[in-house]
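These notes concern the structure reproduced below.
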Protein chains: 2
Amino acid sequence: MKPDEKTLQKRFKRFQSATQQAGIKRTHQRLEIFRVVASSSEHPSAEAVYREVKQKMPTVSLDTVYRTLWTFTELGLLNTLGPRQEKVRFDANTERHHHFVCVSCRFVHDIERDVLQDVKIPKSVQNWGAVIHTHVELRGICMNCQRKQEKSVKSHSRLSPTPPKRKKGLNNE
Amino acid sequence: MKPDEKTLQKRFKRFQSATQQAGIKRTHQRLEIFRVVASSSEHPSAEAVYREVKQKMPTVSLDTVYRTLWTFTELGLLNTLGPRQEKVRFDANTERHHHFVCVSCRFVHDIERDVLQDVKIPKSVQNWGAVIHTHVELRGICMNCQRKQEKSVKSHSRLSPTPPKRKKGLNNE
DNA sequence: CTTTTTGCAAACAATTTGCAAAAAA
DNA sequence: TTTTTTGCAAATTGTTTGCAAAAAG
């Protein structure tokens, strides 16, 4: 179930303006890489994109695909799912529960199941499969990070200009 | 906010019976590793567990911690969050949306936001931070895998006895 | 003793980085 | 020609594995 023509055109329009605004070059490979992701609804991994791009451009390298995908993500043209620089984390709470996740420091807090209302599963979802359970992730900024941000806004009065590179240490675990 | 004494005791009781039933030995390091995870609510990574266990047992090795944590997970004593053997995946759908995820083959299907009811955020969550948005993950078995399972049940009439080891290829991407 | 578990070191998979060459502007 | 982007190869991170020695029953 690929995105329809209309959606695709919209995506390319965004691609044009975003790249223009950011002042980055629309190279052969960037175009091609974007085309592959934009015309898929399978949430491909970097490798999967790579494999497909290679058909048309046998000389691309995997690391260009990675770099490019992250560039697009930073431009807001793509979103990611799955791990970024995350490690597996273990939880002795084996009751089904939901999570509050701080997008800034990765702090995770368990939310007991009965604190959130149950999400009703619409019939349309049944087309895709049988739902076994529902996990809600509330994403936000934890108290700690809120405080830090207030301070840094006061002193620097500037939001972080570049997305965070891989950091050494410092993360909640 | 560590688990209270009561919860802790319950967890250790489960530890006792689960290990006994599985016939695995309650070694010094297993005890210690379990103690660390069970008495934390910070969803520690393997490394974080390792660091803490090392305080009391300077000779443990990181790989024992990993092995042990997975053993506990297989016994149902722990749950994991975050990546397991997953790769990052990219999505050109930048509208906020939810997901249906097949727990068997990792197939992911987007669910438009207005198909699911909005989850009401209870005030109690505000103690942990400011919620920016909500992501619902419906986990289940996709149509494809359902069909496969039917077949394999007919022919083998046996559920997979061991949890899946790292597989080469074969995953939806 | 026999079987399980450990620690070590080496292997691995996914991803990132440094750098010189190639391609834009 | 100056700046950006690429491809390559090497590095890094998180995690897993083979194996001989050590510990448990």
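Per chain, numbering begins at 1; letters A, B, ... match sequence-line order. Because the structure is predicted, anything quoted here is derived from the model rather than measured.
- One interatomic measurement links the two molecules: NE2 of B:H28 to P of D:dA22, which rounds to 18 Å at whole-angstrom precision.
- Proximity of A:R30 to the phosphate of D:dT4: no side-chain N or O atom is located under 4.0 Å from OP1 or OP2.
- Regarding B:K54, its NZ atom lies at a distance of 11 Å from the P atom of C:dC8, rounded to whole Å.
- The interatomic distance linking B:L31 (CG) with D:dA24 (P) rounds to 11 Å, in whole Å.
- Minimum atom distance to the side chain of A:K25 is reached by D:dT3, of the listed D:dT3, D:dC8, C:dG7.
- Remark: the B:H99 side chain and the B:H97 side chain contain an N/O donor-acceptor pair separated by less than 3.5 Å.
- Phosphate contact (OP1/OP2 of C:dT16, side-chain N/O of A:W70, threshold under 4.0 Å): present.
- Taking only side-chain nitrogens and oxygens, B:S45 never comes nearer than 4.0 Å to OP1 or OP2 of D:dG14.
- One atom, CD of A:E47, and another, C1' of C:dC12, lie 13 Å apart when rounded to the nearest Å.
- Atom CG of B:D63 and atom P of C:dG7 are 8 Å apart (whole Å).
- Here B:R67 lies in heavy-atom contact (under 4.0 Å) with a base.
- Of the candidates D:dA9, C:dT5, D:dT16, the closest approach to any side-chain atom of B:Y66 belongs to D:dT16.
- Taking atom NZ on B:K87 and atom P on D:dT15, their separation rounds to 16 Å, with Å as the unit.
- Contacts of B:I24 with the nucleic acid, taken as non-hydrogen atoms under 4.0 Å apart, involve only primed sugar atoms and P, OP1 or OP2.
- Applying the 4.0 Å criterion to OP1 and OP2 of D:dT6, one finds that A:T27 has a side-chain N or O inside that range.
- Ranking C:dA25, D:dG7, C:dT6 by closeness to the A:Q29 side chain, first place goes to D:dG7.
- A distance of 9.0 Å separates CG of B:D114 from NE2 of B:H98, quoted to the nearest 0.5 Å.
- Proximity of A:R26 to the phosphate of C:dA25: no side-chain N or O atom is located under 4.0 Å from OP1 or OP2.
- Proximity of A:T64 to the phosphate of D:dT6: no side-chain N or O atom is located under 4.0 Å from OP1 or OP2.
- Atoms OH (B:Y50) and C1' (C:dT6) sit 13 Å apart, rounded to a whole Å.
- Of the residues listed (B:R11, B:R26, B:Q21), the one engaging B:Q16 in a side-chain hydrogen bond (donor to acceptor under 3.5 Å, both in side chains) is B:R26, and it is the only one.
- Taking the six-membered ring where tryptophan is involved, the planes of A:W128 and B:H109 are essentially parallel, since the angle between them stays under 30° and well short of 60°.
- Here the P atom of nucleotide D:dT17 and the CG atom of B:L62 are 14 Å apart, to the nearest Å.
- Counting only N and O atoms by type, the side chains of A:T94 and B:R14 include a donor and acceptor under 3.5 Å apart.
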